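I have placed the structure first, in the form of structure tokens, so that the comments after it can refer back to it.
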Amino acid sequence: SIMIYEYLNEEVMNDILDSQMRDLEVSHFTLRIAQPSQLSDPQQYQQWYQQKMMIETTIIRVRQLKESGELFAYEIEEE
């Protein structure tokens with residue numbers, strides 16, 4: 001099916017993406033501050049690392065989407 005946005009224009013979409021990027025970067029920065037010791041708590045470190053990698057992957061994807069303009073098409077096919 002095709003999603004047609006009636007209330008979103010490119011400016012609003014950019015504002016949303018910027019807000020999401022800010023939130024993601026805050027989460028990433030906060031995780032960096034709270035990095036557990038890999039030696040003294042390997043299980044906690046592994047959980048922390050997975051969460052950090054997930055946020056980094058999302059940041060990269062959102063940047064790619066914004067740069068490509070892919071999200072600014074007003075008709076978006078849903079998977």
Side-chain angles (χ1 to χ4, degrees):
S1 70
I2 295 179
M3 172 60 67
I4 299 172
Y5 295 116
E6 296 179 28
Y7 301 100
L8 296 178
N9 59 29
E10 192 168 328
E11 181 180 350
V12 173
M13 289 180 196
N14 268 316
D15 289 346
I16 293 168
L17 285 173
D18 289 344
S19 176
Q20 288 291 317
M21 283 301 296
R22 249 187 317 277
D23 291 347
L24 287 165
E25 288 180 0
V26 165
S27 295
H28 189 270
F29 181 74
T30 303
L31 277 174
R32 288 181 58 206
I33 293 171
Q35 179 175 349
S37 170
Q38 189 172 3
L39 296 176
S40 65
D41 197 348
Q43 184 177 4
Q44 184 69 26
Y45 178 84
Q46 184 63 30
Q47 290 173 345
W48 170 87
Y49 182 78
Q50 289 172 347
Q51 189 174 8
K52 184 177 87 71
M53 293 306 297
M54 184 180 69
I55 291 172
E56 288 176 3
T57 301
T58 305
I59 288 172
I60 291 167
R61 178 68 178 139
V62 172
R63 285 179 182 160
Q64 288 171 342
L65 286 171
K66 187 170 180 178
E67 290 171 8
S68 73
E70 183 180 329
L71 288 178
F72 303 132
Y74 292 100
E75 295 181 357
I76 305 223
E77 290 189 28
E78 294 179 335
E79 294 181 1

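Atom set for the values below is all heavy atoms of this structure, side chains included, hydrogens, waters and symmetry mates excluded. Since this is a predicted model, take the numbers as computed values, not measurements.
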Linked, directly or transitively: M21 and M53 (ILVMFWY side chains, under 4.5 Å): yes

Approximate separation, where rounding is to 0.5 Å, of R32 CZ and T30 OG1: 10.5 Å

Y49: partners by ring-ring contact (aromatic ring centres under 6.0 Å, His included), with sequence neighbours left out: none

Under the salt bridge (charged side-chain N to carboxylate O under 4.0 Å, His left out) test, residues paired with D23 that sit two or more places apart: none

Donor-acceptor contact present, side-chain S19 to main-chain D15, <3.5 Å: no

Residue pair W48 / P36: nearest heavy atoms and the distance that separates them: CG-CD, 3.4 Å

Gap between atom CE of M13 and atom NZ of K66 - 0.5 Å precision: 13.0 Å

Approximate separation, where rounding is to 0.5 Å, of R22 CZ and L17 CG: 11.0 Å

Contact check, side chains of V62 and L24, non-hydrogen atoms, under 4.5 Å: yes

Side chain proximity check, R61 to T57, heavy atoms < 4.5 angstrom: no

Atom pair CG/CG of N14 and N9 - distance to nearest 0.5 Å: 9.5 Å

Closest approach of H28 to I59 (non-hydrogen atoms, all atoms of both residues): CB-CD1, 4.3 Å

Distance-minimising heavy-atom pair for P42 and S40: CD-C, 3.7 Å

Check: Q46 and Q50 side chains under 4.5 Å, non-hydrogen atoms: yes

Verify same cluster id: Y45, F29 (apolar side-chain graph, 4.5 Å): no

In one Ile/Leu/Val/Met/Phe/Trp/Tyr side-chain cluster, 4.5 Å: V26, L31: no

Salt bridge E25-R63, side-chain N to carboxylate O under 4.0 Å: yes

